[in-house]
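Only one structure is covered here, and it is reproduced in the block below.
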Amino acid sequence: MAGWLNLEGKGALVIGAGGLGGATAQSLAAAGARVAVVDRDERTLDAAASTARAADLEILTLQADISTPEACRAVVAACVDLIGTPRAFVHAVGRNDRRPIVELGDDDWESILRLNLSTAWWLGQEVGRRMIAEGEGRIVFVSSVSALLAHAHHAPYAASKGGINQLMRVMAREWAPHGITVNAVGPGYIETDLTRAYLDRDGHRESLESLVPARRLGVPSEVADAATFLLSDRAGFITGQCVYVDGGRTLV
Ligand SMILES: NC(=O)c1ccc[n+]([C@@H]2O[C@H](COP(=O)([O-])OP(=O)(O)OC[C@H]3O[C@@H](n4cnc5c(N)ncnc54)[C@H](O)[C@@H]3O)[C@@H](O)[C@H]2O)c1
(Lines give C-alpha, C1' and ligand atoms only; values in the text may rest on other atoms or scores of the structure.)
Protein backbone atom coordinates (compact mmCIF):
# COMPACT_ATOMS: atom_id res chain seq x y z
CA MET A 1 0.00 0.00 0.00
CA ALA A 2 2.74 2.46 1.02
CA GLY A 3 4.59 1.78 -2.25
CA TRP A 4 1.45 2.53 -4.23
CA LEU A 5 1.47 6.07 -2.83
CA ASN A 6 5.15 6.62 -3.76
CA LEU A 7 5.87 8.88 -0.78
CA GLU A 8 8.99 6.99 0.40
CA GLY A 9 11.79 9.36 1.37
CA LYS A 10 9.82 12.45 0.41
CA GLY A 11 9.72 15.45 2.74
CA ALA A 12 6.34 16.20 4.29
CA LEU A 13 5.60 19.26 6.43
CA VAL A 14 2.47 19.16 8.58
CA ILE A 15 1.33 22.28 10.42
CA GLY A 16 -0.72 21.27 13.47
CA ALA A 17 -0.08 18.11 15.51
CA GLY A 18 -3.62 17.92 16.94
CA GLY A 19 -6.29 15.39 16.06
CA LEU A 20 -6.27 15.75 12.29
CA GLY A 21 -2.72 17.03 11.73
CA GLY A 22 -1.37 14.35 14.07
CA ALA A 23 -3.25 11.56 12.27
CA THR A 24 -2.08 12.85 8.89
CA ALA A 25 1.53 13.01 10.10
CA GLN A 26 1.27 9.36 11.23
CA SER A 27 -0.25 8.31 7.93
CA LEU A 28 2.48 10.08 5.94
CA ALA A 29 5.19 8.54 8.12
CA ALA A 30 3.64 5.10 7.62
CA ALA A 31 3.79 5.74 3.86
CA GLY A 32 7.54 6.30 4.22
CA ALA A 33 7.66 10.12 4.06
CA ARG A 34 10.20 12.13 6.09
CA VAL A 35 7.73 14.03 8.25
CA ALA A 36 8.20 17.25 10.20
CA VAL A 37 5.28 18.47 12.28
CA VAL A 38 4.86 21.94 13.79
CA ASP A 39 2.69 22.94 16.74
CA ARG A 40 2.87 25.47 19.55
CA ASP A 41 2.01 22.83 22.13
CA GLU A 42 4.96 20.73 23.25
CA ARG A 43 2.88 17.93 24.75
CA THR A 44 0.95 17.48 21.50
CA LEU A 45 4.22 17.30 19.60
CA ASP A 46 5.67 14.77 22.06
CA ALA A 47 2.55 12.63 21.68
CA ALA A 48 2.92 12.67 17.87
CA ALA A 49 6.59 11.69 18.08
CA SER A 50 5.98 8.90 20.59
CA THR A 51 3.00 7.47 18.68
CA ALA A 52 5.27 7.28 15.65
CA ARG A 53 8.09 5.65 17.67
CA ALA A 54 5.69 3.01 18.98
CA ALA A 55 5.03 2.04 15.35
CA ASP A 56 8.78 2.05 14.51
CA LEU A 57 8.39 5.28 12.58
CA GLU A 58 9.92 8.72 13.00
CA ILE A 59 8.28 12.13 13.12
CA LEU A 60 10.45 15.23 13.58
CA THR A 61 8.90 18.01 15.63
CA LEU A 62 9.26 21.78 15.77
CA GLN A 63 7.62 23.86 18.47
CA ALA A 64 6.49 27.23 17.13
CA ASP A 65 3.58 29.63 17.27
CA ILE A 66 2.58 30.47 13.69
CA SER A 67 0.50 33.56 14.44
CA THR A 68 2.57 36.04 12.40
CA PRO A 69 3.88 36.13 8.82
CA GLU A 70 7.45 36.26 10.15
CA ALA A 71 6.87 33.16 12.27
CA CYS A 72 5.38 31.29 9.30
CA ARG A 73 8.37 32.07 7.09
CA ALA A 74 10.79 31.10 9.86
CA VAL A 75 8.96 27.80 10.39
CA VAL A 76 9.19 26.91 6.70
CA ALA A 77 12.91 27.76 6.63
CA ALA A 78 13.58 25.68 9.77
CA CYS A 79 11.66 22.72 8.37
CA VAL A 80 13.51 22.91 5.06
CA ASP A 81 16.69 22.49 7.11
CA LEU A 82 15.18 19.36 8.69
CA ILE A 83 13.57 17.60 5.71
CA GLY A 84 14.50 19.61 2.58
CA THR A 85 11.92 21.44 0.48
CA PRO A 86 8.73 19.58 1.32
CA ARG A 87 7.17 17.55 -1.47
CA ALA A 88 3.97 17.50 0.64
CA PHE A 89 2.54 20.28 2.77
CA VAL A 90 -0.49 20.09 5.07
CA HIS A 91 -2.17 22.99 6.90
CA ALA A 92 -4.17 21.54 9.82
CA VAL A 93 -4.61 24.32 12.38
CA GLY A 94 -7.80 26.14 13.15
CA ARG A 95 -10.21 27.10 15.86
CA ASN A 96 -13.88 27.90 16.24
CA ASP A 97 -15.91 30.07 18.62
CA ARG A 98 -19.51 28.93 18.75
CA ARG A 99 -21.27 32.18 19.63
CA PRO A 100 -23.89 34.22 17.79
CA ILE A 101 -22.61 36.94 15.48
CA VAL A 102 -23.95 39.72 17.70
CA GLU A 103 -21.91 38.49 20.67
CA LEU A 104 -18.53 38.40 18.91
CA GLY A 105 -16.07 41.27 19.00
CA ASP A 106 -13.50 42.54 16.53
CA ASP A 107 -10.75 40.59 18.28
CA ASP A 108 -12.68 37.32 17.96
CA TRP A 109 -13.13 37.82 14.22
CA GLU A 110 -9.52 38.88 13.72
CA SER A 111 -7.97 36.04 15.72
CA ILE A 112 -10.01 33.28 14.02
CA LEU A 113 -9.36 34.67 10.53
CA ARG A 114 -5.66 35.04 11.36
CA LEU A 115 -5.20 31.46 12.58
CA ASN A 116 -7.52 29.69 10.15
CA LEU A 117 -6.92 31.67 6.95
CA SER A 118 -3.99 34.12 7.14
CA THR A 119 -1.57 31.41 8.31
CA ALA A 120 -2.66 29.32 5.28
CA TRP A 121 -1.78 32.29 3.07
CA TRP A 122 1.59 32.97 4.72
CA LEU A 123 2.67 29.34 4.89
CA GLY A 124 1.18 28.33 1.55
CA GLN A 125 2.86 31.25 -0.21
CA GLU A 126 6.26 30.46 1.32
CA VAL A 127 6.02 26.73 0.64
CA GLY A 128 4.66 27.39 -2.85
CA ARG A 129 7.65 29.57 -3.74
CA ARG A 130 9.98 26.74 -2.80
CA MET A 131 7.91 24.07 -4.59
CA ILE A 132 7.88 26.20 -7.75
CA ALA A 133 11.68 26.24 -7.63
CA GLU A 134 11.64 22.42 -7.39
CA GLY A 135 9.02 22.02 -10.13
CA GLU A 136 6.82 19.75 -7.99
CA GLY A 137 4.73 19.68 -4.85
CA ARG A 138 1.45 18.68 -3.23
CA ILE A 139 -0.49 20.93 -0.86
CA VAL A 140 -3.55 20.04 1.23
CA PHE A 141 -5.47 22.49 3.40
CA VAL A 142 -7.88 21.24 6.03
CA SER A 143 -11.14 22.99 5.25
CA SER A 144 -14.52 21.98 6.70
CA VAL A 145 -18.14 21.28 5.80
CA SER A 146 -18.58 24.81 7.21
CA ALA A 147 -17.09 26.10 3.96
CA LEU A 148 -20.39 25.07 2.30
CA LEU A 149 -23.06 24.91 5.00
CA ALA A 150 -24.39 27.93 6.91
CA HIS A 151 -24.22 26.59 10.47
CA ALA A 152 -25.48 29.11 13.03
CA HIS A 153 -22.84 30.31 15.51
CA HIS A 154 -19.99 29.60 13.10
CA ALA A 155 -19.66 32.95 11.29
CA PRO A 156 -15.90 33.68 11.49
CA TYR A 157 -15.08 29.97 11.21
CA ALA A 158 -17.31 29.48 8.15
CA ALA A 159 -15.91 32.62 6.52
CA SER A 160 -12.37 31.38 7.11
CA LYS A 161 -13.13 27.96 5.62
CA GLY A 162 -14.88 29.44 2.58
CA GLY A 163 -11.77 31.58 2.22
CA ILE A 164 -9.52 28.52 2.46
CA ASN A 165 -11.40 26.86 -0.39
CA GLN A 166 -11.04 29.87 -2.67
CA LEU A 167 -7.38 30.42 -1.72
CA MET A 168 -6.80 26.73 -2.51
CA ARG A 169 -8.51 27.06 -5.93
CA VAL A 170 -6.49 30.09 -7.01
CA MET A 171 -3.21 28.54 -5.80
CA ALA A 172 -4.17 25.38 -7.73
CA ARG A 173 -4.76 27.36 -10.90
CA GLU A 174 -1.60 29.49 -10.64
CA TRP A 175 0.70 26.65 -9.69
CA ALA A 176 -0.58 23.79 -11.90
CA PRO A 177 1.92 24.71 -14.66
CA HIS A 178 4.70 24.24 -12.09
CA GLY A 179 3.79 20.63 -11.31
CA ILE A 180 2.09 21.54 -8.04
CA THR A 181 -1.35 20.33 -6.96
CA VAL A 182 -3.35 22.18 -4.31
CA ASN A 183 -6.43 20.58 -2.74
CA ALA A 184 -8.40 20.56 0.50
CA VAL A 185 -10.12 18.01 2.67
CA GLY A 186 -13.40 19.11 4.20
CA PRO A 187 -14.14 17.10 7.34
CA GLY A 188 -17.55 16.82 8.89
CA TYR A 189 -17.64 16.35 12.65
CA ILE A 190 -14.60 14.36 13.76
CA GLU A 191 -13.90 13.73 17.41
CA THR A 192 -10.66 15.57 18.37
CA ASP A 193 -9.57 18.01 21.10
CA LEU A 194 -11.17 20.75 19.00
CA THR A 195 -14.63 19.19 19.19
CA ARG A 196 -14.65 16.82 22.20
CA ALA A 197 -15.83 19.24 24.89
CA TYR A 198 -18.68 20.42 22.67
CA LEU A 199 -19.69 16.88 21.67
CA ASP A 200 -19.74 15.74 25.29
CA ARG A 201 -22.23 18.49 26.31
CA ASP A 202 -26.03 18.65 26.18
CA GLY A 203 -26.67 15.80 23.74
CA HIS A 204 -24.70 17.49 20.96
CA ARG A 205 -23.11 14.21 19.86
CA GLU A 206 -26.47 12.48 19.31
CA SER A 207 -28.02 15.42 17.52
CA LEU A 208 -25.01 15.83 15.21
CA GLU A 209 -24.93 12.10 14.44
CA SER A 210 -28.58 12.27 13.43
CA LEU A 211 -27.69 14.91 10.78
CA VAL A 212 -25.13 12.65 9.08
CA PRO A 213 -26.51 10.21 6.48
CA ALA A 214 -23.88 7.66 7.63
CA ARG A 215 -25.33 8.09 11.18
CA ARG A 216 -21.95 8.50 12.86
CA LEU A 217 -19.13 10.97 13.36
CA GLY A 218 -15.82 10.51 11.59
CA VAL A 219 -12.47 9.46 13.02
CA PRO A 220 -9.18 11.31 12.38
CA SER A 221 -7.67 8.48 10.31
CA GLU A 222 -10.48 8.87 7.76
CA VAL A 223 -9.41 12.48 7.14
CA ALA A 224 -5.73 11.47 7.16
CA ASP A 225 -6.36 8.78 4.52
CA ALA A 226 -7.97 11.29 2.14
CA ALA A 227 -5.19 13.84 2.72
CA THR A 228 -2.47 11.20 2.19
CA PHE A 229 -4.03 10.13 -1.11
CA LEU A 230 -4.18 13.77 -2.31
CA LEU A 231 -0.49 14.18 -1.31
CA SER A 232 0.57 11.04 -3.16
CA ASP A 233 1.65 10.32 -6.72
CA ARG A 234 -1.75 8.71 -7.29
CA ALA A 235 -3.46 12.13 -7.21
CA GLY A 236 -1.27 13.92 -9.75
CA PHE A 237 -4.17 15.09 -11.95
CA ILE A 238 -6.45 16.21 -9.10
CA THR A 239 -6.13 19.88 -8.25
CA GLY A 240 -8.36 22.66 -6.98
CA GLN A 241 -10.77 20.26 -5.26
CA CYS A 242 -12.18 20.06 -1.77
CA VAL A 243 -12.85 16.43 -0.87
CA TYR A 244 -15.53 16.34 1.81
CA VAL A 245 -14.90 13.59 4.35
CA ASP A 246 -18.26 13.84 6.05
CA GLY A 247 -20.37 10.67 5.82
CA GLY A 248 -22.67 12.55 3.44
CA ARG A 249 -23.28 15.58 5.70
CA THR A 250 -22.99 18.05 2.81
CA LEU A 251 -25.61 16.09 0.81
CA VAL A 252 -28.52 17.01 3.07
N1 LIG B 1 -12.18 18.05 14.35
C2 LIG B 1 -13.16 18.33 13.52
O3 LIG B 1 -14.30 17.89 13.66
C4 LIG B 1 -12.91 19.23 12.34
C5 LIG B 1 -13.92 19.35 11.38
C6 LIG B 1 -13.70 20.16 10.27
C7 LIG B 1 -12.51 20.83 10.13
N8 LIG B 1 -11.54 20.71 11.09
C9 LIG B 1 -10.31 21.47 10.88
O10 LIG B 1 -9.19 20.63 11.01
C11 LIG B 1 -8.05 21.41 11.40
C12 LIG B 1 -7.37 20.71 12.58
O13 LIG B 1 -8.32 20.58 13.61
P14 LIG B 1 -8.18 19.47 14.75
O15 LIG B 1 -9.51 18.86 14.91
O16 LIG B 1 -7.01 18.60 14.47
O17 LIG B 1 -7.91 20.43 15.99
P18 LIG B 1 -6.97 20.25 17.27
O19 LIG B 1 -7.40 21.32 18.20
O20 LIG B 1 -6.95 18.84 17.71
O21 LIG B 1 -5.53 20.60 16.67
C22 LIG B 1 -5.16 21.90 16.27
C23 LIG B 1 -3.71 22.10 16.66
O24 LIG B 1 -3.31 23.41 16.25
C25 LIG B 1 -2.39 23.89 17.21
N26 LIG B 1 -2.34 25.35 17.15
C27 LIG B 1 -3.35 26.22 17.41
N28 LIG B 1 -2.91 27.48 17.28
C29 LIG B 1 -1.61 27.41 16.93
C30 LIG B 1 -0.60 28.39 16.66
N31 LIG B 1 -0.88 29.71 16.73
N32 LIG B 1 0.64 27.97 16.33
C33 LIG B 1 0.93 26.64 16.25
N34 LIG B 1 0.02 25.68 16.51
C35 LIG B 1 -1.23 26.06 16.85
C36 LIG B 1 -2.94 23.39 18.52
O37 LIG B 1 -1.94 23.38 19.54
C38 LIG B 1 -3.46 22.01 18.16
O39 LIG B 1 -2.51 20.99 18.44
C40 LIG B 1 -8.58 22.81 11.72
O41 LIG B 1 -8.36 23.65 10.61
C42 LIG B 1 -10.07 22.58 11.89
O43 LIG B 1 -10.82 23.72 11.59
C44 LIG B 1 -11.71 19.92 12.19
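Atoms within each ligand, like the ligands themselves, are counted from 1 in listed order.
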What about [X] and [Y], same hydrophobic cluster or not, with Ile/Leu/Val/Met/Phe/Trp/Tyr joined at side-chain heavy-atom distances under 4.5 Å?
{"X": "Y157", "Y": "I164", "value": "no"}
{"X": "V127", "Y": "M168", "value": "yes"}
{"X": "L199", "Y": "L211", "value": "yes"}
{"X": "L117", "Y": "M171", "value": "yes"}

Check your understanding: Taking the inter-plane angle between the rings of H91 and F89 on a 0 to 90° scale, is it parallel (under 30°), tilted (30 to 60°) or perpendicular (over 60°)?
Key -> tilted
Review point. What residues sit with at least one heavy atom under 4.0 Å from ligand 1?
Key: G18, G19, L20, D39, R40, D41, T44, A64, D65, I66, S67, A92, V93, G94, L115, V142, S143, S144, Y157, K161, P187, G188, Y189, I190, T192, D193, L194, T195
Check your understanding: For residues S67 and R40, is any side-chain donor paired with an opposing acceptor at under 3.5 Å?
Key -> no
